[in-house]
J.: 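Dropping the structure in here first, questions after.
We use all heavy atoms of the structure for the numbers below, so side chains are in, but hydrogens, waters and symmetry mates are not. Sequence positions, counted from 1, serve as the residue numbers for this chain. Both ligands and their constituent atoms are indexed starting at 1 by order of listing.
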Amino acid sequence: MLYSHVTPSDKRAALRARLAAGELLQLPGAFNPLSARLIEDKGFDGVYVSGAVISADLGLPDIGLTTLTEVATRAGQIARMTDLPAIVDADTGFGEPMNVARTVQTLEDAGVAGCHIEDQVNPKRCGHLDGKATVDLETATKRIRAAVDARRDPNFLVMARTDVRASVEGPTGLRVAIDRAKALVDAGADAIFPEAMRDLAEFEAVASAVDVPVLANMTEFGKSELFTRDQLAAVGVQIVIYPVTLLRSAMGAAERTLDMIRETGTQDGAVGEMQTRARLYELVDYAGYNHFDTEIFTYRP
Ligand SMILES: C[C@](O)(C(=O)O)[C@H](CC(=O)O)C(=O)O
Ligand SMILES: [Mg+2]
């Protein structure tokens, strides 16, 4: 009822413990606070808050137009609705090292369990688009060091994302990505997000080169194939995100329903696919609110 009863520091400690135990964690992207409840209800390990989704939700392309305030607010709204840890996409940290420090403290205050900071130039773009440019290693490591120094909860997970694998300007390629991943771990990164890996062998090469958890981004229509949990576990990946999957699914269903209403004059044929009123009420825990007033939950299916 109302919100998660697990504190942000307990969520962070739990996330750390599971990663330290060598588990593989699956984090679907929540496109709103309600979907975070669904992710928890279905037994997932955590919730991802995607920059691409926050941008798309606002009708914007994912090219660094969103602000720290917008991202932290949305991440906080999502994080507070679930007992699961939430990891948020902090893009480039919203500026250079001093901004990164402020970003980390703001995200800590928002109650998330961790974030990732990438080495693209400002303004960034979606990691699976062509034409990306990355900063030099010194700037990339400074961002991570600033993030690590700024956090007040040592369990807040600072993850470094490197986009060099598929960048066209600046250093590029798998070898550079691996060297950079190692340098980012030396700078204090708790985990590595190697963006736009081409195959399982590339994930394996990164995972075996660093002694921190590695994240695999299973985004659709991108540069990486969609591997299964077991395939990724076998090559040493520990965190898997499905960043835009639920938004794409929901928007696909919305489009089909709109077409149906236009074509047939009614949504009746789509009702079977919809989440029922009863299920929605279950997710928002209407019944729990009877604690305050027994007249609130009067709905019977
Ligand atoms: C993971 C990602 O950074 C995101 O914002 O969710 C995106 C996902 C996408 O655009 O499909 C990315 O750059 O990979
Ligand atoms: Mg992003």
Side-chain angles (χ1 to χ4, degrees), residues 25-32 35-36 39 44 46-68 70-75 78-79 86-95 100 103 107 112 114-135 140 143 147 157-168 170 172 177 189 191-198 202-203 206 213-227 232 237 239-252:
L25 309 180
Q26 291 176 292
L27 282 68
F31 60 91
N32 59 17
S35 62
I39 291 166
F44 284 91
V47 164
Y48 180 68
V49 183
S50 148
V53 167
I54 294 177
S55 307
D57 204 41
L58 294 167
L60 297 170
D62 183 18
I63 52 173
L65 293 170
T66 50
T67 65
L68 169 60
E70 285 172 333
V71 171
T73 302
R74 195 60 167 163
I78 290 171
I87 292 181
V88 59
D89 178 356
D91 288 345
T92 57
F94 301 97
V100 176
T103 294
L107 294 176
V112 299
C115 70
H116 60 77
I117 291 158
E118 69 204 31
D119 59 359
Q120 286 198 47
V121 297
N122 280 305
K124 56 77 47 65
R125 56 194 300 169
C126 164
H128 289 256
L129 291 179
D130 294 322
K132 281 186 302 181
T134 45
V135 295
R143 286 182 189 167
L157 197 85
V158 173
M159 187 183 309
R161 161 170 154 176
T162 179
D163 280 71
V164 294
R165 171 69 185 95
S167 119
V168 295
T172 188
I192 292 291
F193 174 171
E195 178 65 308
M197 294 287 106
R198 301 219 171 247
E202 295 200 355
F203 281 113
V206 178
V214 166
L215 177 149
N217 176 10
M218 291 294 103
T219 193
E220 304 83 8
F221 316 109
K223 296 208 183 292
S224 301
E225 244 181 87
L226 301 179
F227 300 114
L232 291 166
V237 166
I239 305 170
V240 187
I241 56 168
Y242 308 87
V244 197
T245 309
L246 297 190
L247 180 75
R248 292 194 222 282
S249 303
M251 288 298 281

J.: Given Val71, which of Thr103, Thr66, Val49 fulfils the side chain to side chain contact (heavy atoms under 4.5 Å, CB included) condition?
T.: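 The passing option is Thr66.
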
J.: Could you tell me if the side chain of Ile241 sits less than 4.5 Å from the side chain of Phe193, heavy atoms only?
T.: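 Answer yes - side chains close enough.
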
J.: If you measure from OG1 on Thr162 to CG on Asp119, what distance do you get to the nearest 0.5 Å?
T.: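 That separation rounds to 3.5 Å.
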
J.: Taking side chain as C-beta onward, heavy atoms only, is His128 less than 4.5 Å from Ser224?
T.: yes

J.: Which value, rounded to the nearest 0.5 Å, describes the distance between Ser55 atom OG and Glu70 atom CD?
T.: 8.5 Å

J.: As a quick check of understanding, evaluate side chain to side chain donor-acceptor pair (under 3.5 Å) for Asp163 and Thr134, giving each step before the final call.
T.: CA-CA 7 Å; Asp163 280 71; Thr134 45; over 6 Å; no

J.: Around the Mg ion (ligand 2), how many protein N, O or S atoms are found at less than 2.8 Å?
T.: 1

J.: If I take atom CD from residue Glu195 and atom CZ from residue Arg161, how far apart are they, to the nearest 0.5 angstrom?
T.: 4.0 Å

J.: What does the list of residues with a heavy atom under 4.0 Å from ligand 1 look like, ordered by chain and number?
T.: Tyr48, Ser50, Gly51, Ala52, Asp62, Asp89, Cys126, Gly127, His128, Arg161, Glu195, Asn217, Thr219, Pro243, Val244, Arg248

J.: Do any N or O atoms from the side chain of Asp89 and from the backbone of Asp91 form a donor-acceptor pair under 3.5 angstrom?
T.: yes

J.: Between Ile239 and Met159, is any pair of side-chain heavy atoms under 4.5 Å apart?
T.: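 Yes, their side chains come closer than 4.5 Å.
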
